[in-house]
Every structure is written in structure tokens, then in C-alpha cells.
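Worksheet: the structure to be examined is printed underneath.
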Amino acid sequence: MTARADFLARIRGEMAKTRGLFPAAAAERPARPRERLDVLRRELIERWPQSLERFRVEFERVAGVFHRVASASEVPAVLEGICRAGGAHSVVTWATPRLGIDAGPTLAAAGIAVHAMPATVPPLEERRRLREVIAHAEVGVTGAELAIAETGTLVLRSAAGQPRSTSLLPACHVALFDRAALVETLEQVGIALEAWHEGVPPEGQGAVINFITGPSRTADIELTLTRGVHGPKEVHAIFVDAGLRAGG
Amino acid sequence: MSEPLITTPLRERAQQALGDRFLHEALDIATTKFIDLRREAFGDFPQGEGLRDRARAIKEATLQQLDRHLERLIDNVERLGGHVHFATTADEARDVILDIARRTGARMAVKSKSMATEEIHLNDALAAAGVTPVETDLGEYIIQLAHERPSHIIAPAIHKTKGQVAELFARELKREVAADPEVLTRIARAELREKFLQADLGITGANFAVADTGTVVLVTNEGNGRMVTSLPRVHVAVMGVEKVVPSMTDLMVFLSVLAKSATGQKLSVYTTLVQGPRRAHELEGPDEFHLVLLDNGRIAQIGGALREALYCLRCGACLNVCPVYRQIGGHAYGYTYPGPIGILLTAMLNGTRSVKELAHASSLCGACADACPVRIDIPKMLIELRKEVDEAKLAPWPERVVFKAFARLLRLPALYRLGGPLGRLLQRPFVRGGRIRALPLFFGHWTRTRDLPPVAARTFQERWTALEREIR
């Protein structure tokens with residue numbers, strides 16, 4: 001293995017040899033990303049119905065299934081419908097406070113087992129058991145930090161109570177979101193990403209951010225489009241008009 | 001040198017590919033489809049052209065301060081609890097990864113698609129060290145079962161029929177398998193799901209790495225990139241030094257053009273941003289995260305003739321539009337990276353000598369440069385390589401002699417004028433149907449794959465002189 005100093009020194013040596021460079025600049029990032037994001041959010045909230053409509057169109061274009069409900073109290077019934085349609089008997093969800101709803105009672109009454117993930121990390125033994133639970137669940141329910149209208153993409157962050165595999169191992173992924181999550185473009189996502197990384201990260205933040213644009217797919221055999229190769233075969237998004245978060 | 005020795009000349013490899021009817025059909029369908037998808041994606045996206053310019057400018061700006069960006073990346077990855085390793089050669093990169101495997105007692109490694117690990121021939125080294133490598137991208141899984149190498153940067157198994165894939169699966173699983181992509185995909189899902197859950201080591205490449213935040217970015221459609229970075233105890237990412245980008249804002253510019261160029265999607269299904277190992281309060285994720293920064297010939301090109309090839313995003317768009325690639329496919333190129341950009345990358349990784357034939361496997365039509373999301377001037381660098389091949393006296397001597405004579409001829413007007421009548425006399429026995437299709441002796445090598453236009457009955461100069469006389 002080469003040492004860091006030697007490796008970088010070689011790069012500097014080669015850089016010194018370059019001639020005739022044309023002026024070029026990286027993209028300009030916002031000076032105060034959090035402030036910029038706040039301003040953006042205020043602008044976006046004015047236009048959320050258009051953003052939502054564009055999101056729906058794009059999400060359906062990538063084979064997502066879109067649902068819309070008036071309030072969070074209607075979400076469990078939609079979940080029950082999704083489970084019944086897919087013959088699912090086992091559901092994993094993000095920790096209830098993270099999700100903003102508790103579908104447990106409704107689904108349990110319908111004979112569907114619900115496993116809400118813990119908000120704190122249990123000992124290794126229990127972590128192994130939970131992995132089995134997630135791996136055998138048929139439906140995974142999560143929130144979404146952002147919903148990108150331009151591409152029909154859901155952005156999820158891992159964190160305490162928000163394990164990565166809830167949206168990955170079950171064959172069906174359901175994401176809940178509200179108007180606070182809507183952004184219009186990939187460029188705006190750039191502002192959000194800059195803001196999330198400004199200063200000290202919030203307590204409980206995880207190490208992974210995932211952009212999810214429809215169900216898992218491949219075209220590796222004779223370019224035939226096939227869904228659900230490793231990740232979910234189905235992705236649902238449920239939009240809650242009245243909001244999921246307190247006051248949202 | 002890390003590449004296996006290629007024993008058959010390009011001419012024979014190309015001939016073999018040209019004779020493969022199925023390969024031809026598959027290539028034709030695949031590349032045409034990719035071209036259409038890409039065109040549609042950019043057709044609906046008027047800002048695309050401007051974003052390509054921005055993406056190019058970011059790559060250039062990053063290279064101009066590569067040391068600083070890499071230092072920031074390294075510092076941030078370490079701050080997040082990751083380990084960074086530096087590999088000057090493919091050997092070093094393999095050793096670093098084998099060390100990690102040995103130290104963590106890994107028995108099985110699941111891999112998501114990565115050209116960088118193909119480039120360093122990691123799988124053989126892992127297997128030799130007692131670690132079973134499992135490719136999890138469906139296309140890569142297929143070619144691993146077939147003991148082959150990828151034939152396209154983003155669609156590694158496009159040269160295989162569903163029938164061939166079914167046979168491979170049947171042999172592996174020892175049971176009948178239907179030749180239906182749906183069925184085959186379901187089988188691969190079940191087989192590989194077990195491996196994801198068992199493996200100790202997850203190995204990936206990196207599409208980008210963001211210096212500002214110490215983030216390694218993986219773009220996949222299948223979700224295997226997410227599996228590999230979430231389930232095993234240890235995650236190792238291998239990336240060429242040129243993959244670093246300064247900020248998240250820059251990253252979004254690249255994401256806006258990458259998938260459109262590759263598959264015509266607005267975004268690939270999964271874009272995964274990995275920031276070090278699992279945090280203490282997370283339920284899942286690897287306990288260890290390693291980033292291997294790979295040189296392997298790249299650094300020498302920062303100030304070299306192939307500098308611009310360091311912009312490459314590995315989207316594969318230049319392969320699909322290349323008239324040569326579309327005829328011979330990826331394997332005939334003989335090295336890890338096929339297609340027009342592949343010739344440049346092969347020269348970068350293995351030296352100019354390795355492309356003395358390949359440098360000519362291009363018609364210089366420029367379709368590759370048009371398709372490239374970061375507008376890499378591939379034809380210009382191919383000409384540069386041809387010059388180097390010539391100067392290093394790697395080209396066959398008759399070719400060098402003929403071209404030298406021709407160059408002299410062009411510089412002497414009197415001799416050039418004489419060339420017209422002389423050429424007409426000499427070519428007489430060889431012109432068939434207005435073309436020179438075959439020449440005798442060693443000149444025959446040239447006309448084997450090319451027709452030469454004959455010297456015209458009246459050359460331009462002759463006609464010009466006549467015209468001038470008429471006007472006067």
C-alpha cells in the first residue's frame with residue numbers, strides 16, 4: 001500500500017506538469033444552505049399542488065402506485081388494502097414516532113402482524129432477530145424526507161428508528177409523505193443536501209441517504225424490463241393532505 | 001501489468017465477433033434501444049445541453065485542484081469513522097482488499113457492479129485467498145457463472161440469449177429452468193438474497209465521491225448496491241481518484257445527466273449516498289467502512305495526453321453509438337473497458353503499447369464525442385494515441401514507411417502533382433468497380449478491412465488548372 005503523503009505528492013507532481021488549462025469552476029453552492037432551504041420551502045409551499053401532480057405523473061411513469069388521503073387517520077386502511085391485495089401477512093414499519101402514524105391496531109384486527117422497529121438500538125442478539133423479521137416481512141412502511149416531482153423519486157434517510165432495509169428487503173415498499181417533503185427539481189435537492197450537511201448533524205442521524213425511483217428493475221437479460229430483481233417489486237406512495245408531522 | 005496477455009490479434013478477434021450471428025443481433029437491438037432511450041430522455045429535457053456543459057466544467061475544475069478535493073474527501077471519510085487506503089497499482093489494491101478480508105475473517109464477498117474491481121481482477125484474487133466472490137448485478141452474475149467478462153459497461157451480459165442464461169442457471173442449480181427473463185430474474189433474486197444475508201464482506205465501486213461530506217455515491221437499478229452496503233459487516237468501496245466531486249451541488253448536476261445518458265431514465269432506481277460505517281444509533285449497516293483510492297495509471301494522465309478521459313462517468317453512451325463497437329461488441333476489444341472510451345482507458349491503464357491495434361479501431365466519426373455527457377473529445381485523443389504508437393515505432397514498418405513517404409509527398413507540390421498521373425498508372429490493375437479493394441504484398445493488410453478510393457481520372461488540381469484557363 002502507498003502512504004497518503006506519497007500518493008498525494010505524486011498527484012501534485014503531475015498537476016504541476018499540466019499546461020494550457022482552460023478556466024473552469026465547480027457549481028456554486030449556497031453560502032448559507034439552511035437559510036436558503038428555508039426560503040425555498042416557503043416558495044415551494046405556494047406551489048405544492050402542481051408539484052404533487054407532477055410527482056404523481058412521474059412516479060406512475062416509473063411504475064409506482066400513488067395514493068392520496070385527507071388525513072393520517074386514513075393511512076392504516078390504505079395499508080390494509082395494500083396488504084390484502086398482495087396477500088401479505090407480515091409488515092415492518094419505521095418506529096412509530098418516526099412514521100407519524102400507528103397502523104398496528106387496524107392491521108392486527110385484519111390478522112396482519114405489524115413489527116414497528118425500535119427507536120433505540122437493542123443488543124446484538126435482538127438486532128439479529130429483527131433482521132430476520134425484516135427479511136421475512138412482505139411489506140415495509142417508511143416515511144420520506146423528500147419527494148422529487150421532476151423524477152418521481154422518494155428520498156429516505158437512515159436514522160435511529162429508520163433502518164435502511166425497511167424499504168429494501170420486503171417485496172413491497174410503502175412510503176408516507178406530505179406536502180413538506182415535496183420539491184420540484186434535482187437542483188433543489190442539491191440545496192436540501194447542502195443544508196443537511198451544514199453544521200452539526202441532528203441527533204440520531206444515520207449514515208445512508210437513498211434516492212428511490214420506483215421498484216427495483218433490471219434489463220440484463222435480452223434487455224427485457226423485469227421488476228423486483230433485488231429490491232421491492234412494488235413501491236407505493238401515500239400522500240397525506242393534512243400532514244404527518246405535528247402541525248405539518 | 002494486470003491484464004491477461006492477449007494472444008490473438010485484434011483482426012482475428014473482430015473477425016470472430018463479426019461471424020457470431022447472435023452477437024450481432026443482440027448488439028444491434030441493444031445499442032439501438034439505448035440510443036433511442038437516450039435521445040428521448042434528452043429530448044424532453046431542454047436544460048440537458050447546459051447541464052452537460054456544467055458537468056464538463058466541474059470535472060475540469062475538480063482535476064485542476066484534485067489534491068485538495070481528495071484531501072477533503074479523505075479527511076471527511078475518516079471523520080465519519082471510515083478508513084482510506086491508497087493503491088498505486090492494481091496489485092496494491094488487491095492486497096489492501098485481501099488484507100481486509102483476512103483480518104475480518106471473511107468467507108464470502110457480495111459485490112455490486114464495479115468496473116474498478118473488474119479492472120484490478122479482484123475476483124480471481126479473492127477466490128485464490130479462499131473468499132468466494134459473488135457478483136450480484138444480474139448481468140454480472142450471469143457472466144460470472146459463464147466465466148466470462150463484461151461486454152458492455154452498463155449491460156455486461158448483452159451478448160447472451162435468454163436460452164444461454166437458462167442453461168447456465170440450470171447447470172448451477174442442477175434443475176430445469178425456463179428460458180423466460182421473468183423466471184430467470186426470480187431465480188436470481190432468491191439465490192442472491194441468501195448470499196446477501198450470509199456474506200461478511202460487501203464490495204462496491206463508486207460512481208462519485210463527494211469531498212465536502214465524505215460521501216460515496218452508488219447508482220444501481222436492481223438494489224444490489226443497497227444490499228451490499230447495508231447487510232454485510234464490512235463494506236469496501238474501490239474508486240479511481242478521478243471520481244471525486246467537490247460538493248453535493250455538483251453531485252446533483254452529474255445525477256441529472258448520468259442516467260439519461262446511460263439508460264434514458266431520469267434517475268436510476270437507486271442512488272445510494274454512503275457516509276461511513278453504521279452510526280451507533282442505527283439498527284443496521286456495516287461496522288467497518290473502507291475506501292480504496294486507486295491510481296493504476298490515472299495519476300500519470302493528469303498532466304498527460306489522456307487527461308480528458310479522466311472526466312468519464314462510465315455511462316456507456318459512447319459504446320452504443322460507435323459504429324465499430326456495434327459491429328464487434330465488447331469482448332473483441334480484449335480488455336476490461338470496451339468501446340471508444342475503453343481504448344483510451346486501456347492505454348491509460350496498460351500503456352500505449354497495449355492499444356497499438358486498438359487505436360485504429362475507430363472511424364473517427366465523432367459520434368462518441370457527441371453522445372458523451374461530459375463532451376470528452378475521444379477522437380482527438382485517439383489521433384494523439386495513433387501518433388504515439390507511430391513515434392514509439394509500434395506500428396508495422398510498412399505502414400510507417402508508406403505514411404512517411406506520403407507525408408513527404410504532401411510537402412512537395414511538384415512531386416504531388418506528379419503523383420496524379422503516376423498513381424493512375426500504378427493503380428490500373430487494382431481498380432474494381434471504381435474502388436481499390438485489394439492490394440498485393442503487405443499492402444493487402446490495409447485493404448483487408450478498407451476500400452481505397454482510386455486516384456481520380458482528373459485530379460482536383462488538374463481540373464482547377466483547366467478551369468482557370470477557361471475563365472481567362
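Note that the structure is a prediction, hence the values are computed from the model and not measured. Chain naming here is simple, since letters A, B, ... match the order of the sequence lines and numbering starts at 1 in each.
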Practice prompt. Check the pair Phe196(B) / His230(A) against ring-ring contact (aromatic ring centres under 6.0 Å, His included), numbers first and verdict last.
Written response: CA-CA 10 Å; Phe196(B) 285 129; His230(A) 292 310; 5.0 Å; yes

Under 4.5 Å to a heavy atom of chain A? For Lys160(B) that would be backbone

Okay, Leu231(B) and chain A: the region with an atom under 4.5 Å from a heavy atom over there is both

Per-residue tally against chain A (heavy atom, under 4.5 Å) across Gly304(B), Pro277(B), Ala300(B) peaks at Ala300(B)

Counting heavy-atom pairs under 4.5 Å with chain A, the top scorer among His85(B), Arg278(B), Arg54(B), Glu182(B) is Arg278(B)

Interface check, chain A: of Pro181(B), Gly276(B), Ala155(B), Pro246(B), most non-hydrogen pairs under 4.5 Å belong to Pro181(B)

Cut-off 4.5 Å, heavy atoms of chain B, and the answer for Ala5(A) is neither

Turns out that what part of Ile154(B) lies under 4.5 Å from chain A's heavy atoms comes down to backbone

When the 4.5 angstrom heavy-atom criterion is applied to Leu156(A) and chain B, the contacting part is neither

The interface call for Phe254(B) against chain A, heavy-atom contacts under 4.5 Å, is neither

Turns out that what part of Gln275(B) lies under 4.5 Å from chain A's heavy atoms comes down to both

Please check if any side-chain donor atom of His236(A) sits under 3.5 Å from a side-chain acceptor atom of Glu234(A), or the reverse.
yes

So, the part of Gln164(B) with a heavy atom under 4.5 Å from chain A: the answer is neither

With a 4.5 Å heavy-atom cut-off, do Leu293(B) and Phe7(A) have their side chains touching?
yes

When the 4.5 angstrom heavy-atom criterion is applied to Asp212(B) and chain A, the contacting part is side chain

- Message: Between Glu222(B) and Thr220(B), is there a side-chain donor-acceptor contact under 3.5 Å, judged purely by atom types and distance?
- Response: no

Max heavy-atom pairs within cutoff under 4.5 Å with chain B, candidates Leu168(A), Ile191(A), Thr226(A), Thr18(A), goes to Leu168(A)

### Query
Would Ser165(A) and Glu284(B) count as having a side-chain donor-acceptor pair, cut-off 3.5 Å?
yes

For this session: State whether a side-chain donor-acceptor pair under 3.5 Å links Glu140(B) with Asn224(B).
Result: no

Does a salt bridge link Lys266(B) with Asp44(B), judged by any charged N lying under 4.0 Å from a carboxylate O? no

- Message: Checking Thr249(B) against Glu28(A): is there a side-chain donor and acceptor pair closer than 3.5 Å?
- Response: no

request  = Would you kindly say whether Asn210(A) and Thr272(B) are connected by a side-chain donor-acceptor distance under 3.5 Å?
outcome  = yes

Per-residue tally against chain A (heavy atom, under 4.5 Å) across Ser268(B), Ala93(B), Gly139(B) peaks at Gly139(B)

Whatever's closer than 4.5 Å to a heavy atom in chain A on Leu80(B) counts as neither

Looking only at Lys17(A), Arg127(A), Glu203(A), Glu126(A), the option with the highest number of non-hydrogen pairs under 4.5 Å against chain B is Arg127(A)

With chain B, the option among Ala192(A), Gly190(A), Ser167(A), Pro30(A) that has the most non-hydrogen atom pairs under 4.5 Å is Ser167(A)

The interface call for Thr161(B) against chain A, heavy-atom contacts under 4.5 Å, is both

Other residues, nucleotides, ligands: >12 heavy atoms within 6.0 Å of Gln198(B) CD
yes

>> Under a 3.5 Å threshold, yes or no: a donor from one side chain and an acceptor from the other, between Ser158(A) and Glu282(B)?
In response: yes

Separation between CE (Met1(A)) and CZ (Arg4(A)), nearest 0.5 Å, reads 11.0 Å

(message) Under 3.5 Å, is there a donor on one side chain and an acceptor on the other for Thr2(A) and Glu92(B)?
(response) yes

If one checks every heavy atom of Thr229(B) against chain A at 4.5 Å, the contacting part turns out to be backbone

Taking a cut-off of under 4.5 angstrom between non-hydrogen atoms, the residues of residues 215-225 of chain A near chain B are Pro215(A), Ser216(A), Arg217(A), Thr218(A), Asp220(A), Ile221(A), Glu222(A), Leu223(A), Thr224(A)

Per-residue tally against chain A (heavy atom, under 4.5 Å) across Ala188(B), Ser256(B), Gly81(B) peaks at Ser256(B)

Interface check, chain B: of Ile11(A), Val208(A), Leu130(A), most non-hydrogen pairs under 4.5 Å belong to Ile11(A)

Cut-off 4.5 Å, heavy atoms of chain A, and the answer for Ala55(B) is neither

Evaluate the ring planes of Phe177(A) and Phe66(A), with Trp represented by its six-membered ring, and classify them as parallel (under 30°), tilted (30 to 60°) or perpendicular (over 60°). perpendicular

Of the listed Gly204(A), Ala160(A), Pro232(A), Gly214(A), the one with the largest count of heavy-atom pairs under 4.5 Å with chain B is Gly204(A)

request  = Give a yes or no answer on whether the side chain of Arg307(B) reaches the backbone of Ile302(B) with a donor-acceptor pair at less than 3.5 Å.
outcome  = yes

Check your understanding: Hey, would you say the Phe34(B) and His152(B) ring centroids sit under 6.0 Å apart?
Key -> yes

Before you tell me yes or no, could you show the steps for Lys59(B) and Glu242(B) under salt bridge (charged side-chain N to carboxylate O under 4.0 Å, His left out), namely the whole-Å CA-CA distance, both residues' side-chain angles and the distance that decides it to 0.1 Å? CA-CA 8 Å; Lys59(B) 278 285 174 191; Glu242(B) 80 283 12; over 6 Å; no

Mind checking whether Arg47(A) and Gln50(A) have side chains closer than 4.5 Å, heavy atoms only?
yes

Query raised in the report: Do NZ/NE/NH1/NH2 and the carboxylate oxygens of Glu60(A) and Arg56(A) come within less than 4.0 Å?
Result: yes

If one checks every heavy atom of Val241(B) against chain A at 4.5 Å, the contacting part turns out to be side chain

Cut-off 4.5 Å, heavy atoms of chain A, and the answer for Asp95(B) is neither

If one checks every heavy atom of Arg157(A) against chain B at 4.5 Å, the contacting part turns out to be neither

Check ion pair Glu14(A)-Arg10(A) (N to O, under 4.0 angstrom): no

Okay, Ala30(B) and chain A: the region with an atom under 4.5 Å from a heavy atom over there is both

Scored by heavy-atom pairs under 4.5 Å with chain A, the best of Val253(B), Asp295(B), Leu255(B), Val96(B) is Asp295(B)

